[in-house]
2 protein chains.
Amino acid sequence: MKRRVTLKEVAEQASVSYQTVSKVINQKVRISPEAEQRIWKAVKDLDYTPSYTARSLRSQRSQTIGYTWQPSPPDQANPILDLFLQSMFSSAEQKGYYLLCFPHRNQKKILDAYRLLIDSGRVDAFVLSSVENDDPCIQFLCDQNFPFVAFGRQDGDLHFPYIDVDGGLGIKMAVNHLLSLSHRKIAILAWPLNSRVGDNRIEGYFSAMNSAGIEIHPEWVQRGEGTYKIGYSATMKLLSLRENIRPTGIIAMNDLMAIGAMAAIRHSGLLPGKDIAVTGFDDTPTARYLRPPLTSLRQPIWDIGQNLMDRLIEFLESGTYPLPFEELVAPQLIIRESSTGLPAQGELL
Amino acid sequence: MKRRVTLKEVAEQASVSYQTVSKVINQKVRISPEAEQRIWKAVKDLDYTPSYTARSLRSQRSQTIGYTWQPSPPDQANPILDLFLQSMFSSAEQKGYYLLCFPHRNQKKILDAYRLLIDSGRVDAFVLSSVENDDPCIQFLCDQNFPFVAFGRQDGDLHFPYIDVDGGLGIKMAVNHLLSLSHRKIAILAWPLNSRVGDNRIEGYFSAMNSAGIEIHPEWVQRGEGTYKIGYSATMKLLSLRENIRPTGIIAMNDLMAIGAMAAIRHSGLLPGKDIAVTGFDDTPTARYLRPPLTSLRQPIWDIGQNLMDRLIEFLESGTYPLPFEELVAPQLIIRESSTGLPAQGELL
DNA sequence: ATAGTAAATGCGAACGTTCGCATAAACTGA
DNA sequence: TCAGTTTATGCGAACGTTCGCATTTACTAT
């Protein structure tokens, strides 16, 4: 490991004061062309790289953005957040920022982690994802007036810059899709009460069904954790309803529940897609490889990550957030055989 | 945003010099109990947190580890690396280190990124993954004598600390599994020539087949990128072989190719699992939800990430790597219906 | 020519630590 | 009791920058 090249050495080589070199490098001052020439040459010859540490000690900025996310259980990896990460990187890198990732254990410890990162001056801002109502982190960062952007919104009085996917709209699209295929008895596999994301999404179901003038039978709303198991058992319940209210279409709030639903349908001697239409949410990589391939809602994750990062950096450098301060984007319905019963065009062989 | 609390303020409050406070905090010195008491009280009262930046400027260490990985294409997310990341975080956090992630574009730019991170003093070490032969990053870091550990090995003279999964052993396990099910004509969907990982894995195929005294028909070795499409088309070729050499078992080097293989088998009017046994590699989350569920090789990613990180930090703090310097770990064969034709015990409903 | 302004560069200080050495105080043992 | 040793604390410097102000030099306009 070679020794570090400092400003002073560059200055000596270029026969100017080291402070002048600093100014030239940061383009803080106009200087005679010859001197500038000399300085850049010296920088290049010596292969000088500014010390990040010294720079941020002096300027009190770390050029680093903190990010944490819910680790998904090993057997249930979250490809969406993987993509989200990548998109943020690619955006941050171009502007000369780095991402500092740290793990997310229980809610109590996470606040300490934020505090430490802020107090020790390691990060200039945060990105949050998987925002829920009453998320203490949001409250904390707002209180501290520390810069951040969020992937996900929150009900309530707090105002902060976010981008979120309009889950209600997404579900509405799925319901309308089934309606257009002449389904009338449509059930939903929803999340437990009082989840912000879940509430948004189910609202879309109510609204779409209402618009179509369909009365929702209470049994059609099944709630539970978004697991395969719940999807399976809830669907079994639905299929055991008496014939005149037994659903012919099932909307699941994520792909995993939809997969469970399809298994339940098959085990009941029915064909998912043909006899009962199923849709998921997230369009996980698995969706297209299922039998039948799963109709699902895809979120524009890449754009969201890039946008969030761009806005955050814009704020850090200019002091104001670009508009829109809050934004809701629409997911895209990817139609496959699990809802139509027909192989989709251009899909896998 | 409140102003930063510094050592000097703590010192004043505790009526000692600020350097003494520093020493107490870092446990560099013994001091009278009363003074120590006062100092800790002041630290707590003022809610003092050392400035990370100042600290690392002075001590020339950043307590930060750099990590980069190949961004997987959006439609083909890599849940394995997601898990790998998490395991490293959880290990690093406990020791007070952070992970700085940065994206991985083309090979040329990545070297510049390493250089910048090193020269600007932002990281103390790196973790590499997806190591290939002749990886220029490894060469570079070895040349610079900059600390790093790798997930993956390399053929050649370079010595560096790594952990790798024994892919050859994994494939051997899969082949032996099929042999034990009385398959004799076993084909392999392999990667293009001259991929280190691919070469290791196919070696296991050759070796297992040899040990069983089976002569490998050249057509049984199909090569191509590890995509669904290649898996599909290669399997179509295999199925069109004349009956006496048409394989009854197919080993794929990743799950995606195995999925393509199963689709090809089904489209040929055969049943994967029953008529033709198929195995994959990686045990992606998708594997268990396929029809039939896919037999696959699972890598102990979590342990690997933790181990690598522990060893790296150990090195940073003590100056020597704990043994073993190089380690090969075995994957685990997860047996499901795609190879046996029978529903596995304890699997999904 | 001469004050007045603009442009080019230098200088000292500061950011908040850690580190080694110096010093003062207290304690040992004959 | 006094040199010798240990223990507790303080002090100055350094890490490599950036920043604002001071200074010098050159240039304009009367």
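The figures here come from the full heavy-atom set of this structure, side chains too, leaving out hydrogens, waters and symmetry mates.
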OP1 or OP2 of C:dC15 under 4.0 Å from side-chain N/O of B:Thr53: no

Hey, is the side chain of A:Gln19 poking within less than 4.0 Å of OP1 or OP2 on C:dA13, counting only N and O atoms? no

Would you say A:Arg55 reaches D:dT18's phosphate, i.e. side-chain N/O to OP1/OP2 under 4.0 Å? yes

Separation of D:dA8 atom P from B:Glu34 atom CD, nearest Å, is 10 Å

When A:Gln306 is tested against each of A:Ser87, A:Ser90, A:Ser91 for side chain to side chain donor-acceptor pair (under 3.5 Å), which residue passes? A:Ser90

For A:Phe146 and A:Phe126, take the angle between the two ring planes, folded into 0 to 90°, and tell me which bin it lands in: parallel under 30, tilted 30 to 60, perpendicular over 60. tilted

Out of D:dT18, C:dG16, D:dG10, which nucleotide sits closest to the side chain of B:Ala54? C:dG16

Roughly how many Å is it from NZ in A:Lys8 to P in D:dC15, rounded to a whole number? 8 Å

What is the distance, to the nearest angstrom, from the CZ atom on B:Arg58 to the C1' atom on C:dA14? 16 Å

Please tell me if B:Ser32 has a side-chain N or O lying less than 4.0 Å from either OP1 or OP2 of D:dA8. no

Return whichever of B:Glu36 or A:Leu7 has its heavy-atom-nearest nucleotide of DNA chain D closer to the 5' end. B:Glu36

Can you tell me if the side-chain N/O atoms of A:Ser59 get under 4.0 Å from OP1 or OP2 in D:dT18? no

Can you figure out which of C:dT18, D:dT17, C:dT9 approaches the side chain of A:Ile31 most closely? C:dT9

Counting the atoms with a prime plus P, OP1 and OP2 as sugar-phosphate, which does B:Tyr52 contact under 4.0 Å by heavy atoms, base, sugar-phosphate, or nothing? nothing

Check the phosphate of D:dT9 against B:Thr20, side-chain N and O only, distance under 4.0 Å to OP1 or OP2. Yes or no? no

Here the distance between atom P of D:dA14 and atom CG of A:Leu57, to the nearest Å, is 17 Å

Nearest-Å distance for atom pair CD1/P, residues B:Ile39 and D:dG10: 8 Å

Just compare D:dG10, C:dC15, C:dT9 and give me whichever is closest to any side-chain atom of A:Ala35. C:dT9

Taken to the nearest whole Å, CD/A:Gln27 to C1'/C:dT9 is 18 Å

Measure from the side chain of B:Gln60, starting at C-beta and using heavy atoms only, and say which of D:dT18, C:dG16, D:dC15 lies closest. D:dC15

Length of the line joining A:Gln37:CD and C:dA8:P, which is rounded to integer Å: 15 Å

What is the distance from atom CZ of B:Arg122 to atom CZ of B:Phe102, rounded to the nearest 0.5 Å? 11.0 Å

Rounded to whole Å, CZ of B:Arg61 lies from C1' of D:dC15 at a distance of 15 Å

The side chain to side chain contact (heavy atoms under 4.5 Å, CB included) partner of A:Ile65 among A:Val149, A:Val127, A:Val123, A:Asp124 is A:Val127

Does C:dT17 have OP1 or OP2 under 4.0 Å away from a side-chain N or O of B:Ser22? no

Which word best sums up how the rings of B:Tyr67 and B:Trp69 line up, parallel for under 30°, tilted for 30 to 60°, or perpendicular for over 60°? parallel

Does C:dC15 have OP1 or OP2 sitting under 4.0 Å from an N or O in the side chain of B:Ser51? no

Counting only side-chain nitrogens and oxygens, does A:Thr6 get under 4.0 Å of the OP1 or OP2 atom of D:dG16? no

Do the rings of A:Phe140 and A:Tyr114 sit parallel, tilted or perpendicular, given the 30° and 60° boundaries? tilted

Let's see if you can work this out: which of C:dG20, D:dG16, C:dT17 has an atom nearest to the side-chain heavy atoms of B:Tyr18? C:dT17

